[in-house]
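Please read these numbers as outputs of a predicted model, since none were measured by experiment.
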Amino acid sequence: MNKEIKISGNPLPNMPWEERPAGSSSVMWRYSANPVIPRDLLPTSNSIFNSAVVPFKEGFAGVFRCDDTNRRMRLHVGFSKDGLKWDINPEMLVFQCDDKEIGEWVYGYDPRVCKIEDKYYVTWCNGYHGPTIGVAWTEDFKTFHQLENAFLPYNRNGVMFPKKIHGNFAMLSRPSDTGHTAFGDIFYSESPDLEFWGRHRHVMSPAPFEVSAWQCMKIGAGPIPIETSEGWLIFHHGVLHSCNGYVYSFGSALLDLEQPWKVIARSGPYLISPQKDYECMGDVPNVAFPCAALHDAHTGRIAVYYGCADTVTGLAFGYIPEIIDFTKKTNIL
């Protein structure tokens with residue numbers, strides 16, 4: 001590990017981990033037993049993917065996207081001792097909300113979970129006259145208190161920062177539309193109270209096709225940003241519109257610590273792109289969509305959970321210093 005790079009966070013020696021395969025020079029590599037979560041882990045699940053995982057007590061907790069066999073998009077809570085074998089509650093997550101209009105359930109998908117101080121904040125794509133960003137908090141993963149939606153429809157990929165910036169909560173998001181969005185930039189927003197959001201700033205646009213084609217149509221933030229001495233490390237998905245449809249891959253970027261809407265570096269090549277059968281075949285072929293990451297600040301290890309073909313969940317591993325070095329060396333800015 002590069003000792004010059006400082007990584008915020010706690011040691012996490014019990015996180016999922018597998019060493020880089022012998023002979024491989026890949027910056028990130030897949031878990032050999034992928035998919036780590038199958039599509040039918042629940043009796044009623046059609047697919048389990050694009051989900052959020054965080055350290056919790058002696059193990060891990062998560063909020064999972066579980067589309068049921070009616071093909072309804074639902075959120076479920078799960079727990080694990082090792083981050084690999086999961087016990088997911090077969091009953092869908094029900095949010096507590098004082099406002100019946102905001103609290104009326106329509107659909108929910110692609111959650112993220114971010115710990116700030118003593119609370120775990122859940123953001124997800126919430127149905128309210130179209131997709132927008134729902135926000136809730138929990139302390140025990142049993143009771144979830146739903147707050148106001150962060151933004152007007154239409155928006156997706158709401159990802160909070162793990163600490164306040166300028167005294168405010170901060171979030172990345174990707175304004176979109178009602179359908180299979182063919183565009184998308186990443187924006188930054190702040191809130192003093194998790195009710196009113198503003199100070200919106202543009203972060204990144206899709207890259208030009210001739211520069212980095214895998215992220216040329218639309219992009220969106222993935223796991224919770226990781227604070228390092230080099231900047232906020234983020235993973236973002238990017239989409240190529242190929243002759244055979246959309247292809248979702250993911251890469252990395254570094255954002256300024258004090259002004260996170262300013263991009264320091266952005267990887268040209270992808271880190272993970274659909275290549276394995278479970279990434280190429282499923283309900284939505286050719287998708288590698290990162291939503292969560294666990295990292296050990298002491299060793300620099302990172303494990304990224306990503307949705308595969310909108311069907312199952314995979315794991316990919318790497319070292320944060322190597323990913324930062326990769327991001328800088330392949331910078332397309």
Handout entry: Pairwise distance CG(Asn126) to CD(Gln146) - rounded to 0.5 angstrom
Key = 5.5 Å
Exercise for the section: Apply salt bridge (charged side-chain N to carboxylate O under 4.0 Å, His left out) to Lys163 and list each qualifying residue two or more places apart in sequence or on a separate chain. Expected result: Glu227
Exercise for the section: Would you kindly confirm whether Val113 and Leu93 end up in one hydrophobic cluster when ILVMFWY residues are joined by side chain heavy atoms under 4.5 Å apart? Expected result: yes
Exercise for the section: Assign the ring pair Trp124 / Phe95 to parallel, tilted or perpendicular, where the plane angle (0 to 90°) is split at 30° and 60°. Expected result: parallel
Handout entry: Aromatic ring proximity, centroids under 6.0 angstrom, Phe141 and Phe56
Key = yes
Handout entry: Lys115 to Tyr121 six-membered ring, cation-pi geometry met (6.0 Å, 45°)
Key = no
Problem - Nearest heavy-atom neighbours spanning Ser51 and Ala292 - result: O-CB, 3.6 Å
Problem - Closest contact, heavy atoms only, Val304 versus Pro223 - result: CG1-CG, 4.4 Å
Handout entry: salt_bridge(Glu19, Arg301) N-O dist < 4.0 Å
Key = yes
Handout entry: salt bridge (charged side-chain N to carboxylate O under 4.0 Å, His left out) partners for Arg39, two or more places apart
Key = Asp283
Practice task
Answer yes or no: are there more than 12 heavy-atom neighbours, outside Phe209 itself, under 6.0 Å from its atom CZ?
Solution key: no
Problem - Heavy atoms from other residues, nucleotides or ligands near CG of Asn70 exceed 12 (cutoff 6.0 Å) - result: yes
Practice task
Using modelled atom types only, decide if a donor and an acceptor are shared between the side chain of Thr330 and the backbone of Ser267 within a distance under 3.5 Å.
Solution key: no
Practice task
Keeping the roles fixed (side chain from His237, backbone from Gly220), state whether a donor-acceptor pair exists under 3.5 Å.
Solution key: yes
Exercise for the section: Write down the atom of Cys216, the atom of Leu240, and the distance for their closest heavy-atom approach. Expected result: SG-CD1, 4.0 Å
Handout entry: NZ/NE/NH1/NH2 to OD/OE distance under 4.0 Å, Glu230 and Lys6
Key = no
Exercise for the section: Any side-chain hydrogen bond (donor to acceptor under 3.5 Å, both in side chains) involving residues 242-251? Give me the pairs, sequence neighbours left out, ordered by first then second residue. Expected result: Lys218-Tyr248, Ser249-Ser273
Handout entry: Ring center gap for Phe49 and Phe289 short of 6.0 angstrom
Key = no
Practice task
Heavy atoms only: give me the nearest Asn14-Lys81 pair and the separation to one decimal.
Solution key: ND2-O, 4.2 Å
Problem - Phe317 ring center near Trp17 ring center (under 6.0 Å) - result: yes
Practice task
Taking all heavy atoms of Ser191 and all of Trp197, pick out the closest pair and write down the distance.
Solution key: CB-CD2, 3.3 Å
Practice task
Look at Asp185 together with Arg174 and state whether they make a salt bridge at an N to O cut-off of under 4.0 Å.
Solution key: no
Practice task
State, to 0.1 Å, how close Ala52 and Pro111 come at their nearest heavy-atom pair, and which atoms those are.
Solution key: CB-O, 3.5 Å
